[in-house]
Asks: 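Have a look at this one.
These values consider heavy atoms only, across backbone and side chains, with no hydrogens, waters or symmetry-generated copies. Just so you know, ligand 1 is whichever comes first in the structure, and atom 1 is the first atom listed for that ligand. What you see is a predicted model; the values in this text were computed from it and never measured.
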Amino acid sequence: MPDISSLFVTRLYRAALSEFGTPVDADELENSCLSIAEDDEAGQDWCEANDFAGYTSYASLTDLAWRFPIFKDITDSLDQHVAAFAADLQFDLDDRKLVLEDIWINILPEGGAHSAHIHPHSVISGTTYVAMPEGASALKLEDPRHAMMMAAPPRTKDARKEMKNFVYVKPEVGDVLLWESWLRHEVPMNMSEDHRISVSFNYKWS
Ligand SMILES: [Fe+2]
């Protein structure tokens with residue numbers, strides 16, 4: 001029998017946010033996100049000026065965890081999730097740590113999308129899901145080796161998940177997903193009439 005193994009693996013972390021720290025009430029978090037968005041005129045102006053569908057606090061609010069206790073609970077929990085993922089990734093962090101760099105709210109309306117991107121300057125990125133109504137977009141993850149695959153045949157439709165070139169993950173409210181920040185990902189068009197709400201974040205090596 002041949003010995004065929006997997007090398008250079010891309011890891012994806014999925015867990016319930018509540019697995020660590022103080023449990024966060026999903027309705028309270030959704031209401032907090034909506035009221036922060038409503039009050040954040042600078043953020044609304046930025047989204048309009050940049051043709052951003054819906055709302056993001058990315059460019060306007062840099063201190064969610066200091067301003068809102070519910071976000072402090074989330075970041076305390078995320079610190080532990082990220083530490084668990086870093087252990088799985090077998091990172092040698094020396095005597096430095098992975099620390100939160102940014103955390104921001106995303107509210108995606110019907111028809112909104114977020115095109116493929118990476119998160120430069122960070123080590124671990126991820127999202128926790130606040131409102132995922134029926135028909136809300138999955139997260140689409142892309143094989144990081146595409147640039148080297150110009151002559152490779154496509155994969156079969158029923159290829160194993162780890163063999164696919166694109167993977168769609170449909171998280172549930174209260175889930176947290178983590179990946180390495182170089183992994184390209186996108187949010188395809190939101191087909192739900194209701195808002196898809198999430199909180200995204202970056203961790204850097206500090
Ligand atoms: Fe992203």
Side-chain angles (χ1 to χ4, degrees), residues 10-17 29-30 33 36-37 40 43-44 46-47 49-65 71 74-75 77-79 81-82 84-86 88-89 91 98-133 135-147 161 164-192 195-206:
T10 302
R11 304 289 277 166
L12 175 69
Y13 176 103
R14 179 175 182 168
L17 181 68
L29 180 57
E30 182 174 350
C33 291
I36 291 167
D40 177 18
Q44 293 167 20
W46 185 91
C47 294
N50 290 276
D51 287 326
F52 192 93
Y55 168 79
T56 177
S57 66
Y58 184 76
S60 52
L61 298 175
T62 55
D63 54 358
L64 287 179
F71 278 90
I74 290 172
T75 58
S77 167
L78 290 175
D79 286 348
H81 284 285
V82 169
F85 190 36
D88 172 82
L89 290 165
F91 281 154
L98 297 182
V99 298
L100 182 72
E101 186 177 21
D102 303 301
I103 182 164
W104 65 95
I105 298 165
N106 309 289
I107 300 179
L108 197 67
E110 182 181 17
H114 195 182
S115 58
H117 62 282
I118 58 173
H119 292 215
H121 311 301
S122 296
V123 176
I124 304 289
S125 297
T127 299
T128 186
Y129 294 86
V130 180
M132 290 293 284
S137 326
L139 178 72
K140 182 181 181 185
L141 301 158
E142 183 179 319
D143 191 323
R145 302 164 300 175
H146 268 172
K161 187 165 79 174
K164 289 182 188 291
N165 296 128
F166 295 97
V167 174
Y168 292 82
V169 181
K170 190 75 189 280
E172 288 172 17
V173 168
D175 282 350
V176 54
L177 296 180
L178 303 177
W179 56 87
E180 290 187 71
S181 303
W182 45 256
L183 185 61
R184 193 175 294 274
H185 56 282
E186 75 177 88
V187 182
M189 188 180 286
N190 183 25
M191 304 302 277
S192 170
H195 291 161
R196 177 192 195 274
I197 305 178
S198 61
V199 172
S200 296
F201 45 84
N202 287 325
Y203 276 74
K204 64 180 177 183
W205 192 18
S206 185

Asks: Give me the ring orientation class for Trp46 and Phe52: parallel if the planes are under 30° apart, tilted from 30 to 60°, perpendicular past 60°.
Replies: tilted
Asks: Just grab all the salt bridge (charged side-chain N to carboxylate O under 4.0 Å, His left out) pairs involving residues 164-179, residues at least two apart or on different chains.
Replies: Arg14-Asp175
Asks: Assess, by modelled atom type and distance only, whether the side chains of Tyr58 and Asn106 contain a donor and an acceptor separated by less than 3.5 Å.
Replies: no
Asks: Where do Ser192 and Ala136 come nearest, in terms of heavy atoms and distance?
Replies: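 Of all heavy-atom pairs spanning Ser192 and Ala136, the closest is CB-N, 3.7 Å.
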Asks: For the residue pair His114 and His117, does the interplanar ring angle fall in the parallel (under 30°), tilted (30 to 60°) or perpendicular (over 60°) class?
Replies: parallel
Asks: Using a cut-off of 2.8 Å, find all protein N, O or S atoms closer to the Fe ion (ligand 1) than that distance.
Replies: His117 NE2, His119 NE2, His185 NE2
Asks: Given His185, which partner from the list His119, Glu142, Lys140 fulfils the side-chain hydrogen bond (donor to acceptor under 3.5 Å, both in side chains) test?
Replies: His119
